[in-house]
Number of protein chains: 2
Amino acid sequence: MKLDDKDQQILEYLQQDSKMTNKQLSMKLDLSVTAVYERIKRLEREGIISKYVALLNPEKVEKAFTVFCQIKLIQHTRNYLTRFEAEITSLPEVLECFHVSGEYDYILKVLVKDMAAYREFMVTKLTTLDHIGSTQSTFTIEKVKNTTAIKL
Amino acid sequence: MKLDDKDQQILEYLQQDSKMTNKQLSMKLDLSVTAVYERIKRLEREGIISKYVALLNPEKVEKAFTVFCQIKLIQHTRNYLTRFEAEITSLPEVLECFHVSGEYDYILKVLVKDMAAYREFMVTKLTTLDHIGSTQSTFTIEKVKNTTAIKL
DNA sequence: TTTTAGAATAGAAAATTTTTCCGAAAATGA
DNA sequence: TCATTTTCGGAAAAATTTTCTATTCTAAAA
């Protein structure tokens, strides 16, 4: 599916602020409200827009401590990988988990309140998963950039 | 500010689907539409909800190649850091950038089309920033989990 | 325990937005 | 070129958000 200039503009705007109304968009794009509406519906139907979400301020909800945790498994049989991935997915502290190339097998982005909470997470949730080989934690000192918007 | 049970439920729902209507929420929470409305407005006003966004499917927009790129600077004077951070922030391929502890100074999450595009990004955008010492790229083989929802 | 001020709630009305409908225009493809 | 499909715009309908008012609840003070 091809995205013309209007589609791209719509996606840019909605990635920044999904509360923007069709009327506001119609004025910015110089289209009718219905045209904007139909385009958005098509983008949703095609799965290009996958969902609409509210983003919280991590500071305000006491989840401002971000850690990147790299994990090496002991074995790499299919079963181990699948079970590990299912268990990781179920942990709410883990916002992102990628199977990666390189020395470690997985890289996780973990959000917790503070170092104490991270220690608790490690001890009670991560290291209790067996077939974990080693882990390496990288603590974030400062968030420089953090967006969900993909440039088209 | 304290979040009671109703607030937390609202945040949970809106983090999953911000298109949910006040009426739908009011039924799930057993509250009136106005009560839900006022609570959401308060959560926005307090900055707990920071924004509403549309999320795109990276596959559908040809940005499914995710790379974690770690960067070491040559020097760590304030000026170098600030300039580096400003330049990194301006790059649309970089969705996330954190100043971190450990061997490397920064960790970036980069989204591009494929390896060729990543090479292009490295050569024309990253390595042209000066005062960069070394970089290490970790390629993602599979996305196991990727959410924006913070558990309260 | 009672009183009182402030916050939260519910219901109805108003305002705005989304969604549908339909005819016209524009693009597409044989 | 013609036929088919897609896109578009305007108006009407449906749904949602927002405002308004009165009432209920809550917690602190008397």
Side-chain angles (χ1 to χ4, degrees), chain A residues 1-63 147-152, chain B residues 1-64 113 147-152:
Chain A
M1 181 200 182
K2 54 193 177 304
L3 301 174
D4 67 15
D5 180 59
K6 303 281 187 191
D7 291 327
Q8 293 190 20
Q9 284 190 63
I10 289 175
L11 292 176
E12 263 180 45
Y13 282 120
L14 292 183
Q15 283 189 102
Q16 296 300 333
D17 175 14
S18 62
K19 286 291 194 216
M20 193 168 282
T21 66
N22 294 338
K23 190 188 217 172
Q24 290 176 304
L25 285 169
S26 75
M27 292 186 299
K28 286 183 185 288
L29 306 197
D30 195 33
L31 274 179
S32 72
V33 170
T34 305
V36 170
Y37 174 81
E38 289 298 345
R39 278 170 178 270
I40 292 175
K41 284 301 152 195
R42 182 169 48 80
L43 293 166
E44 293 170 353
R45 200 172 338 115
E46 303 281 343
I48 290 164
I49 295 177
S50 60
K51 64 194 307 201
Y52 296 92
V53 300
L55 299 182
L56 308 191
N57 182 340
E59 317 276 349
K60 294 291 177 75
V61 293
E62 311 228 284
K63 248 75 188 193
T147 182
T148 54
I150 298 172
K151 173 77 172 188
L152 302 176
Chain B
M1 179 200 184
K2 54 193 179 304
L3 300 175
D4 67 15
D5 180 57
K6 304 279 187 191
D7 290 327
Q8 292 190 20
Q9 284 190 64
I10 288 175
L11 293 175
E12 262 181 45
Y13 283 120
L14 292 183
Q15 283 190 104
Q16 296 300 333
D17 176 14
S18 62
K19 285 290 196 221
M20 193 168 280
T21 67
N22 294 337
K23 190 187 218 173
Q24 290 175 307
L25 285 169
S26 75
M27 291 188 298
K28 286 182 184 290
L29 305 196
D30 195 34
L31 275 178
S32 72
V33 170
T34 305
V36 169
Y37 175 82
E38 289 298 345
R39 278 171 179 268
I40 293 175
K41 284 301 150 194
R42 182 168 48 78
L43 292 166
E44 293 170 353
R45 201 165 44 234
E46 303 280 345
I48 289 163
I49 295 177
S50 60
K51 64 193 306 201
Y52 296 92
V53 300
L55 300 182
L56 308 191
N57 182 340
E59 316 275 350
K60 293 291 177 77
V61 293
E62 310 227 282
K63 249 75 187 191
K113 181 182 177 195
T147 183
T148 54
I150 297 172
K151 174 76 172 188
L152 302 176

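Letters A, B, ... mirror the listed sequences (proteins, then strands); counts begin at 1.
Atom CZ of R42(B) is separated from atom C1' of dG6(C) by 14 Å (rounded to the nearest Å). Between D7(B) atom CG and dA8(C) atom C1' there is a gap of 11 Å when expressed in whole angstrom units. Rounded to whole Å, atom P of dT7(D) lies 14 Å from atom CD1 of I40(A).
Of all heavy-atom pairs spanning Q15(A) and I150(A), the tightest one is OE1-N, 2.6 Å. Closest non-hydrogen pair, P58(B) versus L56(B), comes out as CD-O, 3.2 Å. In terms of heavy atoms, G47(B) sits closest to N57(A) at O-CB, 3.2 Å.
In summary, D17(A) and K51(B) do not engage in a salt bridge, as defined by a charged side-chain N under 4.0 Å from a carboxylate O. Ion pairing of E38(A) with K41(A) is absent here, as no side-chain N (NZ or NE/NH1/NH2) approaches a carboxylate O to less than 4.0 Å.
Using a 4.0 Å cut-off, some side-chain N or O of R39(A) falls inside it from OP1 or OP2 of dC8(D).
By the side chain to side chain contact (heavy atoms under 4.5 Å, CB included) test, V33(B) is found to be paired with N22(B), K23(B), S26(B), residues two or more places apart in sequence or in another chain being considered.
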- With B for base contact, S for sugar-phosphate-only contact and - for none (protein heavy atoms under 4.0 Å), nucleotides 11-26 of chain C reads BB----SSBBB-----

